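Scroll down for the structure; my scribbles are underneath it.
Owing to the predicted nature of the structure, the values given are computational and were not obtained by experimental measurement. Just so you know, these numbers use all the heavy atoms, side chains as well, and skip hydrogens, waters and symmetry mates.
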Amino acid sequence: MSGVPETTGSKQALTQFKPGQSGNPNGRPKGVKHKLQEDFLKDVQAAWETSGPQAIVAMIADKPGDFVKMVAGLMPKEATLTINDHSELTDAELADRVRQLAAQLAPFLADGTGTAPAVDASEAGAKLASRVH
């Protein structure tokens, strides 16, 4: 027989290792697989701590649309809605609750940017409450 290894029709017979046998019997050292990722994230965190707030301000000034996209990307894709049964509240208590909520939401409803002129809470509540059916 010549010095050529026998083949069974597959490339396996030509390889150095038998099935189930590794060239590194001790396996990969612990932590090696994720070391690059961990080092990268540490560097990103360090950069964020020194320059993050300034980068946000610059992004808002230079590319407000990209800033909005970034914020939207951070928002959860799903929301949990809890419906409270207020059937035991009187009409006056419900109206008061609507006014409170309207006052909290008024800055965000005025022009959609979250910056609205100061409005008297009772006035904003009354305006919004009149639209709530």
Side-chain angles (χ1 to χ4, degrees):
M1 185 175 226
S2 67
V4 178
E6 291 183 30
T7 63
T8 59
S10 72
K11 294 181 181 181
Q12 182 62 42
L14 299 175
T15 63
Q16 182 179 357
F17 305 106
K18 296 176 184 163
Q21 184 183 36
S22 167
N24 183 0
N26 295 327
R28 179 177 39 229
K30 293 239 184 243
V32 170
K33 184 176 182 181
H34 301 289
K35 181 151 179 43
L36 176 63
Q37 179 183 14
E38 289 173 8
D39 290 347
F40 176 78
L41 290 176
K42 285 179 188 175
D43 292 343
V44 168
Q45 180 179 2
W48 177 259
E49 289 172 356
T50 59
S51 303
Q54 297 93 331
I56 290 174
V57 171
M59 185 179 199
I60 292 169
D62 299 339
K63 299 180 179 181
D66 288 349
F67 175 75
V68 171
K69 287 179 189 176
M70 184 266 308
V71 171
L74 294 173
M75 300 302 289
K77 304 298 181 228
E78 295 182 22
T80 302
L81 176 64
T82 303
I83 299 175
N84 297 319
D85 180 16
H86 295 293
S87 61
E88 295 183 16
L89 296 178
T90 66
D91 288 348
E93 290 170 331
L94 281 173
D96 186 47
R97 181 69 181 131
V98 168
R99 282 189 208 91
Q100 290 172 359
L101 292 172
Q104 292 173 355
L105 293 173
F108 302 101
L109 298 176
D111 63 3
T113 64
T115 56
V119 178
D120 177 26
S122 61
E123 177 185 319
K127 287 179 184 176
L128 188 59
S130 66
R131 293 185 289 173
V132 176
H133 300 285

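Between the side chains of Q45 and E49, a donor-acceptor pair is found at a separation under 3.5 Å.
In terms of the salt bridge (Lys or Arg N to Asp or Glu O under 4.0 Å) criterion, residue partners of D39 (sequence neighbours excluded) are, by chain and number, K35. Contacts of L41 classified as side chain to side chain contact (heavy atoms under 4.5 Å, CB included), with partners at least two apart in sequence or in another chain: Q37.
Environment of CG in L36: sparse, with no more than 12 heavy atoms of neighbouring residues, nucleotides or ligands closer than 6.0 Å. Atom CG of D91 is surrounded by 12 or fewer heavy atoms from other residues, nucleotides or ligands within 6.0 Å.
Side-chain atoms of S51 do not come within 3.5 Å of backbone N or O of W48 as any donor-acceptor pair.
Atom CZ of R97 and atom CD of E93 lie 12.0 Å apart (nearest 0.5 Å).
Heavy-atom minimum distance, M70 versus M59: CB-CE, 4.3 Å.
Residues V68 and M75 fall into different hydrophobic clusters, defined by Ile, Leu, Val, Met, Phe, Trp and Tyr side chains chained together at heavy-atom separations under 4.5 Å.
L94 forms part of a hydrophobic cluster together with L89, judged by ILVMFWY side-chain heavy-atom separations under 4.5 Å.
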- Decide side chain to side chain contact (heavy atoms under 4.5 Å, CB included) for F67 and D62; before the verdict, give the C-alpha distance in whole Å, the side-chain angles of both, and the deciding distance to 0.1 Å. CA-CA 9 Å; F67 175 75; D62 299 339; over 6 Å; no
